[in-house]
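Data first, discussion second: the structure below is written as structure tokens.
Reckoned from all heavy atoms, side chains included, excluding hydrogens, waters and symmetry mates. Reminder, nothing fancy here: chain letters follow the sequence lines and each chain counts from 1.
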There are 2 protein chains.
Amino acid sequence: MSKREDTLSHLLDRCREEGMRITAALEKILSLLNSKEGPVTVKSLLKSKNIEGSCDPATIYRLLQKLEENGIIRKIGLHDRSTHFILNESGQHRDYVVCLDCGDVEVLEMTCPVEELENKVSKNTGFQDVYHELQFYGICPECAKGK
Amino acid sequence: MSKREDTLSHLLDRCREEGMRITAALEKILSLLNSKEGPVTVKSLLKSKNIEGSCDPATIYRLLQKLEENGIIRKIGLHDRSTHFILNESGQHRDYVVCLDCGDVEVLEMTCPVEELENKVSKNTGFQDVYHELQFYGICPECAKGK
DNA sequence: GTAATTGCAAATCATTTGCTTCGTA
DNA sequence: TACGAAGCAAATGATTTGCAATTAC
């Protein structure tokens, strides 16, 4: 069994534990999120080959909402018309660079310097269950070239 | 002249430099952004006393777009239905904590540890004009209490 | 005076909801 | 079989756009 398949079945287990039923639409969403390293937009989910035509958008939105409530995926706030989601794997925090021109998202291979600040923020503000999101924005080499 | 008025007239100067005409709607938007420490949602702009009734939403959206293109304001990606904007004052970088329950946004009083990473990211990825956005999310004390 | 900006109405796009039918547990 | 999930259609909300009237420079 490949690493990916393994993760997928583990994700399905987590859904089961949360009382969700395992349906075709759910498997498709998780499989797609699992196949990408970076965040995925709702739009690209809806347009993806496995989903478009076979699942209703309302179904996808409902599933994403439920997955988020159950802590299996996380919404992340990139500047785009369409919301982005990513698997919420503990200890797998990643940061991104986003091209303000074409919207391209790259995953950064670096140690995140902010993790240790979460406790500090929590202590200073009284907020609970604090996590963070860090994004870099700029113009990607392709777009810069095109100018 | 107060600090705030001073900043406002400076903002209007920047707009003039960018070739924008100084209209009532523009002044209202900048004045409101200037009066807040944290980010402002489009919704709250539209609902604000000075604007609602006297300016058309389309006008506000168009101005915000133009202000962003001209680098006078920045869009920031908090998780909410409505987009957030903030004045783009150089050297005035701020980070935030957002309550996932009520949406309350607090400005953090701390030195941001990420600024120095921007150059590194730029070097590693080839992206240009890199800046960053850092947000913390959690449950604010009020909401935690309400549970 | 003239080109940019506004207001209004209509169009678009993302997301949500109601309700009936379907399929997993 | 029963209850959660899916599909479909209609509602909502945010944002965009076309165009004629207005206004800053």
* Phosphate contact (D/dT15 OP1 or OP2) by B/Tyr61 side-chain N/O below 4.0 Å -> yes
* Structure fact -> When rounded to whole Å, the CD1 to P distance for the pair B/Ile60 and D/dT16 reads 13 Å
* Structure fact -> The residue among B/Leu67, B/Ile86, B/Val40 that forms side-chain contact (heavy atoms from CB on, under 4.5 Å) with B/Ile73 is B/Leu67
* Could you check A/Arg81 against A/Gly19 and say which one's nearest nucleotide on DNA chain D is further toward the 5' end? => A/Gly19
* Ignoring hydrogens and angles, tell me if any N or O in the side chain of B/Asn70 forms a donor-acceptor pair with the backbone of B/Ile72 under 3.5 Å. => no
* Take atom CZ of B/Arg16 as the centre, draw a 6.0 Å sphere, and report whether it contains more than 12 heavy atoms from other residues, nucleotides or ligands. => yes
* Structure fact -> What residues 39-50 of chain A contributes to the DNA chain C interface at heavy-atom separation below 4.0 Å is A/Val42, A/Lys43
* Under 4.0 Å from any atom of DNA chain D, heavy atoms only: list the residues of residues 66-78 of chain B that qualify, in numerical order. => none
* Structure fact -> Heavy atoms of A/His132 and A/Glu115 approach each other most closely as CE1-N, 4.1 Å
* Asked: Quick one: side chain to side chain donor-acceptor pair (under 3.5 Å) partners of A/Gln135, sequence neighbours excluded?
  -> A/Tyr137
* Check whether any side-chain heavy atom of B/Met110 sits under 4.5 Å from a side-chain heavy atom of A/Asn124, and report yes or no. => no
* Using the heavy-atom set of chain A and a strict 4.0 Å cut-off, write down the first and last nucleotide of DNA chain C that makes it in, 5' to 3'. => C/dA14 to C/dA25
* **Any donor-acceptor pair under 3.5 Å from A/Lys28 side chain to A/Asn50 backbone** => yes
* To do: Measure from the side-chain N and O atoms of A/Asp95 to the backbone N and O of A/Leu108, and report whether any donor-acceptor pair falls under 3.5 Å.
  => no
* To do: Starting at the 5' end of nucleotides 17-25 of chain D, put B wherever the base has a protein heavy atom under 4.0 Å, S where only the sugar-phosphate does, and a dash everywhere else.
  => BB----BBS
* Decide whether B/Phe127 and A/Val105 are clustered together by the hydrophobic rule: side chain heavy atoms of Ile, Leu, Val, Met, Phe, Trp, Tyr closer than 4.5 Å, transitively. => no
* Structure fact -> Shortest non-hydrogen pair, A/Leu12 vs A/Ile22, comes out as O-CD1, 3.8 Å
* Asked: Between A/Thr59 and D/dG7, is there a side-chain N or O to OP1/OP2 distance below 4.0 Å?
  -> yes
* Asked: Between D/dA5 atom C1' and A/Leu30 atom CG, what is the distance in whole Å?
  -> 15 Å
* To do: Mind checking salt bridge (Lys or Arg N to Asp or Glu O under 4.0 Å) for B/Glu109 and listing every partner two or more places apart, or none if nothing turns up?
  => B/Arg94
* Is there a donor-acceptor pair under 3.5 Å between the side chain of B/Ser82 and the backbone N or O of B/Thr41? -> no
* Which heavy-atom pair separates B/His79 from A/Gly77 by the least distance, and what is that distance? -> NE2-N, 3.2 Å
